[in-house]
Protein chains: 2
Amino acid sequence: MHGFHGVTVSQIVAESGTSKGGFYHHFQSKDELLYVIHDYFISYVLTKAKEADSSSKNPTEKLQKIIQSFVKVFHLYKPHISVFYQESIYLKPEYTEEIKKKRDSYKKLIFKCLEEGKESGEFRSEVPVDITGMTILGMVNWTYKWYQPGGEKTIEDIGNIFVDLILNSLLTEQAKQKKEYQSFFLKSDINQDQI
Amino acid sequence: MHGFHGVTVSQIVAESGTSKGGFYHHFQSKDELLYVIHDYFISYVLTKAKEADSSSKNPTEKLQKIIQSFVKVFHLYKPHISVFYQESIYLKPEYTEEIKKKRDSYKKLIFKCLEEGKESGEFRSEVPVDITGMTILGMVNWTYKWYQPGGEKTIEDIGNIFVDLILNSLLTEQAKQKKEYQSFFLKSDINQDQI
DNA sequence: GCCTAGAGACCGACTGGTTGGTCTGTCCAA
DNA sequence: TTGGACAGACCAACCAGTCGGTCTCTAGGC
């Protein structure tokens with residue numbers, strides 16, 4: 001395939017201090033590099049989400065862990081993610097399919113977690129799994145558009161806020177009272193003043 | 001400027017049944033077309049948000065109206081929005097600046113609304129305006145990646161779910177009890193059975 | 001009513017520039 | 001000597017934008 005793709009191979013080669021020959025010695029195509037880049041950060045969130053899924057039976061705790069690691073990936077791999085979203089439009093079908101599989105398995109983990117939360121009665125029964133799942137994916141994925149490392153809020157701050165917002169909208173009044181969940185919520189200003 | 005930009009002018013010209021000459025007779029450049037496309041749908045949400053801002057003194061009601069119209073734009077202008085996000089990466093600075101201005105003014109309207117809600121005491125004081133604002137922008141903007149017109153859920157359904165999730169995470173326990181807000185929340189399964 | 005001049009809408013082959021990818025060749029370690 | 005890591009000039013493809021030319025429609029003189 002030919003044509004302009006935002007970041008050119010010549011640029012990549014120049015900034016990484018190698019050459020066209022060197023690049024194509026390591027990668028079959030520019031698409032393959034993009035695939036590798038995607039795999040680099042999707043593997044992180046997938047691993048972390050699977051860890052959360054297996055290390056805990058509690059959907060609320062699971063979701064908290066998933067979101068925290070999900071947000072963190074935008075700190076760890078911001079350049080990778082930015083490049084991926086910029087270039088992924090032009091990926092050849094064979095690569096998009098492989099990428100879609102991994103993204104789907106991540107989506108399913110979130111959906112499964114929401115399902116479990118509803119079944120256990122901790123999440124409100126009236127919220128639909130699919131749209132809520134896409135809401136979580138959307139709000140977190142969108143951070144790549146505005147998150148600035150070294151900004152006012154750390155990535156942990158942002159993760160805590162996301163968790164607070166999501167759990168406040170999903171948990172039943174009863175579940176919100178559980179003592180072991182209090183650490184998942186933002187401290188109210190009153191409490192902060194007292195400390 | 002030269003280079004590949006996802007959707008080519010030749011494609012646009014072919015599918016709209018005109019010609020290169022015709023196209024460049026109406027638009028100075030491909031960038032100008034993109035700018036016009038963006039203006040088309042950003043004007044819609046901006047107008048609706050300003051209407052909500054002026055027609056109501058109540059932050060909760062405002063936010064509900066803003067989100068509903070914000071979601072709706074993805075139904076009305078899905079093709080426009082998809083093309084814009086796909087191509088906007090390559091826009092010349094002069095156009096991105098103009099677009100950024102309109103997007104910023106929309107963002108400010110949402111931030112202002114959140115601020116007012118906190119001041120009036122209806123929104124929880126511990127949620128930060130900036131991240132919460134970006135959360136709303138993120139979850140709604142992301143719908144362009146998954147929303148399918150004619151799917152299981154209508155755009156109104158999706159809007160209602162978003163409003164429910166956001167208000168449940170922002171409103172204080174006290175504010176949630178207000179009778180006039182009950183219509184903003186999803187009906188619980190129990191109530192649905194009774195009807 | 002008729003004819004003409006001219007302006008603007010529209011056409012499409014062509015150009016200049018840019019890009020992903022190739023190919024020949026060099027260097028160096030085993 | 002030989003095979004793999006790397007270099008960089010080069011090529012074919014491809015795209016935004018141009019430019020000379022054509023078509024259409026209207027204004028206005030007769």
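Convention: sequence-line order gives letters A, B, ...; per-chain numbering from 1. The model shown is predicted, which means the values in this text are computed figures rather than measured ones.
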Self-check item: Check: Q11(A) side chain, T8(A) main-chain N or O, donor-acceptor pair, under 3.5 Å
Solution: yes
Table of protein N/O atoms under 3.5 Å from nucleotides 4-10 of chain D N/O atoms:
unit_1: dA5(D); atom_1: OP2; unit_2: H25(A); atom_2: NE2; d: 2.4
unit_1: dA5(D); atom_1: O5'; unit_2: H25(A); atom_2: NE2; d: 3.2
unit_1: dC6(D); atom_1: OP2; unit_2: H26(A); atom_2: NE2; d: 2.4
unit_1: dA7(D); atom_1: OP2; unit_2: S19(A); atom_2: N; d: 3.1
unit_1: dA7(D); atom_1: OP2; unit_2: S19(A); atom_2: OG; d: 3.1
unit_1: dG8(D); atom_1: N7; unit_2: G21(A); atom_2: N; d: 3.4
unit_1: dG8(D); atom_1: O6; unit_2: G21(A); atom_2: N; d: 3.0

Exercise. Taking atom types as modelled, find out whether Q68(A) and N160(A) have a side-chain donor-acceptor pair closer than 3.5 angstrom.
Key: yes
Practice problem: Considering only NZ, NE, NH1 and NH2 on the basic side and carboxylate oxygens on the acidic side, decide whether K118(B) and E115(B) come within less than 4.0 Å. | Solution: no
Quiz item: Within this structure, what is the CD-to-P distance between E32(A) and dG20(C), rounded to whole angstrom?
Solution: 16 Å
Practice problem: For S55(B) and K65(B), test the side chains for any donor-to-acceptor distance below 3.5 angstrom and give the result as yes or no. | Solution: yes
Practice problem: Whole angstrom is fine here: how far is it from CD in Q28(B) over to P in dA16(D)? | Solution: 17 Å
Practice problem: Using a 4.0 Å cut-off on protein heavy atoms (strictly under), produce a 5'-to-3' string for nucleotides 25-30 of chain C with B for base contact, S for backbone-only sugar-phosphate contact, and - for none. | Solution: ------
Quiz item: Under 6.0 Å from the NZ atom of K145(A), do we count more than 12 heavy atoms belonging to anything else shown?
Solution: yes
Quiz prompt | Spacing between F23(A) atom CZ and dG21(C) atom P, to the nearest angstrom | solution = 8 Å
Practice problem: State whether K178(A) and E122(A) are salt-bridged, where the test is any N-O pair (Lys NZ or Arg NE/NH1/NH2 against Asp/Glu carboxylate O) under 4.0 Å. | Solution: yes
Quiz item: Aromatic ring centroids of H38(B) and F41(B) under 6.0 Å?
Solution: yes
Practice problem: Nearest whole angstrom, please: distance from the P of dT18(D) to the CZ of F27(B). | Solution: 15 Å
Exercise. Kindly point out which of dC15(D), dG20(C), dT18(D) is positioned nearest to the side chain of Y24(B)?
Key: dT18(D)
Quiz prompt | L33(B) CG to dG17(D) P, straight-line distance once rounded to whole Å | solution = 11 Å
Quiz item: Looking at Y85(B), F84(B), F74(B), which one forms a ring pair (Phe, Tyr, Trp, His ring centres under 6.0 Å) with Y144(B)?
Solution: Y85(B)
Quiz prompt | Nearest-Å distance for atom pair NZ/C1', residues K30(A) and dT22(C) | solution = 17 Å
